[in-house]
Chemist: 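Before I ask anything, let me first share the structure, which is written out below as C-alpha cells.
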Protein chains: 2
Amino acid sequence: TSSGVFLLQMGWGDLGAFGEPSKETPNLDQMAAEGMLFLDFYTANPLCSPSRAALLTGRLPVRNGFYTTNGHARNAYTPQDIVGGIPDSELLLPELLKKAGYTNKIIGKWHLGHRPQFHPLKHGFDEWFGSPNCHFGPYDNRERPNIPVYRDWEMVGRYYEDFKIDLKTGEANLTQLYLQEALDFISKQQASQQPFFLYWAIDATHAPVYASKQFLGTSQRGLYGDAVREIDDSVGKILKHLQQLGISENTFVFFTSDNGAALISAPKQGGSNGPFLCGKQTTFEGGMREPAIAWWPGHIPAGGVSHQLGSVMDLFSTSLSLASLQPPSDRQIDGIDLLPVILQGKLIDRPIFYYRGNELMAVRAGLYKAHYWTWSNSWEEHSKGIDFCPGQSVAGVTTHTQEEHTYLPLLFHLGRDPGEKYPLSFASEEYQRAVERISGLVQQHKATLVPGQPQLNVCDQAVMNWSPPGCEKLGKCLKAPESDPKKCSWPH
Amino acid sequence: TSSGVFLLQMGWGDLGAFGEPSKETPNLDQMAAEGMLFLDFYTANPLCSPSRAALLTGRLPVRNGFYTTNGHARNAYTPQDIVGGIPDSELLLPELLKKAGYTNKIIGKWHLGHRPQFHPLKHGFDEWFGSPNCHFGPYDNRERPNIPVYRDWEMVGRYYEDFKIDLKTGEANLTQLYLQEALDFISKQQASQQPFFLYWAIDATHAPVYASKQFLGTSQRGLYGDAVREIDDSVGKILKHLQQLGISENTFVFFTSDNGAALISAPKQGGSNGPFLCGKQTTFEGGMREPAIAWWPGHIPAGGVSHQLGSVMDLFSTSLSLASLQPPSDRQIDGIDLLPVILQGKLIDRPIFYYRGNELMAVRAGLYKAHYWTWSNSWEEHSKGIDFCPGQSVAGVTTHTQEEHTYLPLLFHLGRDPGEKYPLSFASEEYQRAVERISGLVQQHKATLVPGQPQLNVCDQAVMNWSPPGCEKLGKCLKAPESDPKKCSWPH
C-alpha cells in the first residue's frame, strides 16, 4: 500500500469540515466525508521544521535534534544560515520504506537542513522537487541569497528569480507546479506498479502567502483564502487522479498541518485556529492542534470521526505498518500505529507532549491538559507588535513572561473548555486526580528521555544557499562570505 | 406545507457541523447533510425575549416594542416583574397562519409577557405547553414565585415544585416532556390532515442548564454538552417521526437559536461561538450569528450551504410564503422570504441590523460590518466578574465604555476577519467604499423607522406569576404584593 501525506501550514479552523465560516474547501470536506476526520490530532512542535523532522523520524524534536539550547523555552526552526540539519544517525521514513521497495518523493519544502549532508536524497528520498527553506525573500543575493528550488540533486532556479512570487499581488503558480509534479509522479508509479511514498509538503499558506492567477480574488477570506482554495482544489485533483488510475484502494492518504495557523500573519497571511487559544509558536491548542483527515477508500469507513489523540509522528509508524515494516527497535519512537484506530475504531490511550525547544511546556492525557510552563512571547517582542494571540488574553495563561507551574500545573478540561480559558481549581478532587495521572506520565517520559544533539544553536552566513549543486550550469553560483559561526538569535 | 421551528439558546460553534471539536451532534449534523446549512444567519437581538418577539412578528424589537429606553444601549428582556409584553397591535405568525387553516402550537418558553393579555393563546397559538419566563429559581414563593408551567390556558404546576430541576446534578426531564409533546402534536395533526405550525422553543441549554438522567455525564463537554446531546437526540426523533408519518415532504423545518452562546455562563452553563468575538448580550458576531439549518426532504437539495445573510425574522416571512399568505402590508416587516434562497440557491442583497435596546450598534452588508457603537459591558459590571467576552479583548473594539463611532465607524471584513479583530484602515479606499454604502443603508433604515412603545421599561413585583389562571385548582395561588411600579434596572 502506497502512502501520501499532505503537509502544509494551515490551522484547525481553516477547513469547512472544521467550522471555517466561509466553507470554501469542498474537496477537503469531501475527503473527510469519504474518510475519517481526526478532531484531536497534534503536531509535534508549534513550528514548521521541527514538526517536519518529527513526522519523518517518528520522534520528538527534542530527540532528533530539531531544537535549541540557546536560552530557555525558545522556538527554533531552520533558517538559511543554520548550520545544523537532520543528523545521519536519524532514520527517516523514506529510508525505511526503501526496504519494502517504495519509491519516495518529496514535493515542496524540506526544511531539515540545506547543507549537502542534509539533502533529502541522502536521507531516503528518491526524488525531490522543491526548496530546502521557506520561500522568504526576495533577497539581494549579496547579504543573503534567494532560496533555490531543486529537482533531485541539483537546483533548477531560485525563488523570485526563476520561480516568481509577486509579493504585491500574491500571485505565484507554485502550487500548480507542485500539483503537476504529484500527478506525474503518481502516474509514473502506477505505470511501473511500484509502491510509493509521496510527501506533498507545499507552503502556499505560509507567509508570504501566494496563489495562482486563476484563484486570486476567488475567496471570501482574501489572499489566504485564495491559497487555501487552490490547495483544496489540488488535493481534490490528486485524490481524483488516484481514483481514475484505479489505485485509490491501494493508497493511504493523510492530510494534516505542521503547525497551527500563524495568527501573527493574520488576517491577510494567516489562517484560523477555530475556537482554540493562540496560534503558531505557542503550545496552546491553537499552536498545535491540527486539521487531520485519513482517506483510503474501501478500507476506511466513510464519514468516520475519531477522538484518538494523534500526532504527526504517528504517520511514521502508520506508514511503516502499511508497508509491513517494523519501526526501528534501537531508539525511542514517539509515533504509534494508527491503523487499529482507523480500521477498527479503537482508541489508544497515549499522552501528547507539547514542547518548545527542549522544555516540556504541557501534556495532554485524555481530555485533560496540564501546563508546566506558560509563555506566549516576551513583553519586549509583544511591545513591537509581535502577537501570537491577537485579540486573546487569558489572565495567568497567555503570559508574557515564562511562568513555571511545575509544582502546581495549570489544568484544563479540553472537552468543557477547548479554548483553555478556565483553569480547574487546584483544590478540586478532579484536579488532584488528573494531575496525579499526568505527573506519572511526565516522570516516565523524562526518565527515558535522551535529548539529541541540538541542531538549531549555531548560525553562519557562510552556510546559506550561495552555491547549491547545479548552480554552475545555470550561472547562478554566488560567492559565500567567510565563515563566522555564532549563536542563532531566537527571540521567542 | 406545515412549518416547524426549533429555537433554543445555543452558539454558532455548538454543533459538529459548525466545528464544535467534540462533534456530539450527529442528528443535527445529519439534518444539515440532508438540508441546507446557513453560515451567515442572525438573530434580531443578542437576548432571548426580543429575539423571540422578532421571530414571531417578523419585525425588529425596536419596532415591536421589545426594548427599553431606560438608559442608553441597554439590553433588556422579559423577567418575572416586567409590566410589558407583546402588544395587541402586533400581528404574530400564528395569528396569520390561522387564516390558512393552520393549527399552531408553542412548546417551551414563550417569553413575550406573562400577564393575561400577553398569553400565547391570545396571540394566535392554539396550544401551549411550557412556561412564560425563564426557568430561573427556585424561589421562595414569598419574595418571588416559582415560574408556572402552562398547558394551554392554565398552569399545571411550577418549576422546582411540580417540574423538578436539580441544580446540583443538573437533572431535569423537561426536554423529554417537550419532545413527547412535539411527537404527540405532530401525530395528531397528521391524523387530522391539518397543516400546523410548531414552535419548539426549548431551553435546556439556558442557565440553569439541565438534562435528563440518561444524558447526564454522556458528553465530553460537561453538563452543557449533555443538554446539547439531549436536544440533538430530540431533534433527530422529531425528524424521524415526520418521516415515519410520511409528512416530511410537507413539513418545512428550521433549526436556529435566539442568541449566541452565553459565555458569561461558560464553561459549565454556556456554549461556544466558534471563532467569533464575545457572546450573548453583545452585538459582536458571537452574540448574534447563529447556527441555522433548513430541512425539507424532497424540496431542499441535500448538503446545500448558503451564505445568504439571514435572520430569525425571515422565518416569519418564509412560513407565510409556505402557507401562500402575504405578510401584512400596513407595517414594516424586516424579514424576507427565504424560499428563493433555499429552493433556487438565490442570494438576496439585504443588510443585517444589530441593535441593543433602541440603539443601532452595527450594520452588516455583504461581507462588511460597520460598528456605530461598541460596548461589551461597563467597567463596573466587569469588575464584578461579569464578562461577556471571557479570554477575548480587542483594543478599541470590546470596549467597557459605550464608544460612539457614528462619524467614523469601525469597519471589519468578516470574510478575512470573522473574529472582528482587525478594523480596516480609515484611510483605505476599501473603507471609504464600504462605509459609504452602509451609511446609505443606515440613512434609509432610520428615515422610515417608527419605534414601537417600549415594553421593557417598567417593572412591578405585583405582576409576577403569583396567581396564574388555574392556580386555584392546584391550590397554588399566591398573594401578590401591592403594586409598586418602577423603572426596571438594566445594568448592561
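Naming convention: chains lettered A, B, ... in sequence-line order (proteins, then strands); numbering from 1 in each chain.
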Chemist: Working note: L37(A) + K23(B), criterion side-chain contact (heavy atoms from CB on, under 4.5 Å); need CA distance, chi angles, decisive distance, verdict.
Modeler: CA-CA 10 Å; L37(A) 200 61; K23(B) 217 168 168 68; 4.0 Å; yes

Chemist: Can you name the closest pair of heavy atoms from G415(B) and S22(A) and give their distance?
Modeler: O-OG, 4.3 Å

Chemist: Let's test your reading of the structure: which of L277(A), L15(A), V397(A), L367(A) forms the most heavy-atom pairs below 4.5 Å with chain B?
Modeler: L367(A)

Chemist: Would a 4.5 Å heavy-atom cut-off, applied to side chains only, mark P21(B) and R289(A) as touching?
Modeler: yes

Chemist: Are the side chains of Q220(A) and R416(B) in contact, using a 4.5 Å heavy-atom criterion?
Modeler: no

Chemist: At a heavy-atom distance under 4.5 Å, which candidate from Q392(B), E24(B), E420(B), K268(B) has the highest pair count against chain A?
Modeler: Q392(B)

Chemist: Considering only heavy atoms and a distance below 4.5 Å, find which of G19(A), G13(A), G271(A) pairs most often with chain B.
Modeler: G19(A)

Chemist: Tell me, side chain or backbone of A266(B) under 4.5 Å from chain A's heavy atoms, or both, or neither?
Modeler: both

Chemist: So P418(A) and S272(B), do their side chains get closer than 4.5 Å, heavy atoms only?
Modeler: no

Chemist: Using 0.5 Å steps for rounding, measure from the CG atom of L39(A) to the CD atom of E20(B).
Modeler: 9.0 Å

Chemist: Which heavy atom of P267(B) sits nearest a heavy atom of D417(A), and at what distance?
Modeler: CB-CB, 4.5 Å

Chemist: Relative to chain A, which segment of Y224(B) carries a heavy atom at a distance below 4.5 Å: side chain, backbone, both, or neither?
Modeler: neither

